[in-house]
Amino acid sequence: MKHWLMKSEPSAYSVDDLAAQPNKTDHWDGIRNYQARNFMRDDMKIGDLAFFYHSSCAEPGIVGIMEVVRAAYSDDSALDSKSDYFDPKATAENTRWVMVDVRLKRKLKRPISLQELKSHKALTGMPLLQRGARLSIMPVTKKQWDYIIKLSDR
DNA sequence: GCCAACGTTGGC
DNA sequence: GCCAACGTTGGC
């Protein structure tokens, strides 16, 4: 089982939006970056765990824990010319993009801000903390995962 | 709103 | 296949 971090702008879709869904489950669409897509398509499996990360907001940071409940399948929003995620190169045979379904397990007892993540030496290897990091889906090591869970629980 | 960093596009 | 131009991300 793998661990992940998935970014979303709370103004577009927040952890509370996910919490409000039936069964706290929704699809994670709109990924339009090849590296992020390939992580979803090739490596993300049912049962994997992922942090819900709020980006581009007042207090960027990790706010919740999700479980992958459906592996990658076609993201048809790429076909919808009215969607923000429309991709003119997408075809019905090959939309080029995939999404997964996630279920919110729980919000963290307290959010762990980007600032706090940066202050821990044990986490300096996280891709999230590298300069210019723009990946919207990235792997998290078991070590980093456990460390952050521990932080949020104390 | 600024801007650094990075990814993508497309002409050659 | 190079690389300049452009678009996007995301912290500040």
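Just so we're clear, the structure is a prediction, and the values are computed from it rather than from any experiment. Convention: sequence-line order gives letters A, B, ...; per-chain numbering from 1.
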Q | Selection residues 43-65 of chain A - residue pairs positive for side chain to side chain donor-acceptor pair (under 3.5 Å), sequence neighbours left out | A | Trp4(A)-Asp48(A)
**Q.** Pairs flagged by salt bridge (charged side-chain N to carboxylate O under 4.0 Å, His left out) wherever residues 122-133 of chain A is involved - sequence neighbours left out
**A.** none
Q: List for me each residue that meets side-chain contact (heavy atoms from CB on, under 4.5 Å) alongside Arg96(A), sequence neighbours excluded, and say none if there are none.
A: Tyr34(A), Asp87(A), Lys89(A), Asn94(A)
Q. Within the side chain of Gln21(A), is there an N or O that forms a donor-acceptor pair under 3.5 Å with the backbone of Leu18(A)?
A. no
Q. Which is true for Arg32(A) with a 4.0 Å heavy-atom rule: it touches a base, it touches only sugar-phosphate, or it touches nothing?
A. nothing
Q: Would you mind building the protein contact string for nucleotides 3-12 of chain C? One character per nucleotide, 5' to 3', B for base within reach (heavy atoms under 4.0 Å), S for sugar-phosphate only, - for untouched.
A: ----BBSBSS
Q | Main-chain N/O of Ala92(A) paired with Thr95(A) side-chain donor or acceptor, under 3.5 Å | A | no
(Q) Once salt bridge (charged side-chain N to carboxylate O under 4.0 Å, His left out) is applied, what residue pairs with a partner in residues 7-32 of chain A remain, sequence neighbours excluded? (A) Asp16(A)-Lys107(A), Arg32(A)-Asp75(A)
Q. When you measure from the side chain of Ser8(A) to the backbone N and O of Pro10(A), does any donor-acceptor pair fall under 3.5 Å?
A. no
Q: Go through the side-chain N and O atoms of Glu116(A) and Ser119(A) and say whether any donor and acceptor fall under 3.5 Å apart.
A: no
Q: Please list residues of residues 81-99 of chain A whose heavy atoms come under 4.0 Å from any atom in DNA chain C, ordered by number; otherwise none.
A: none
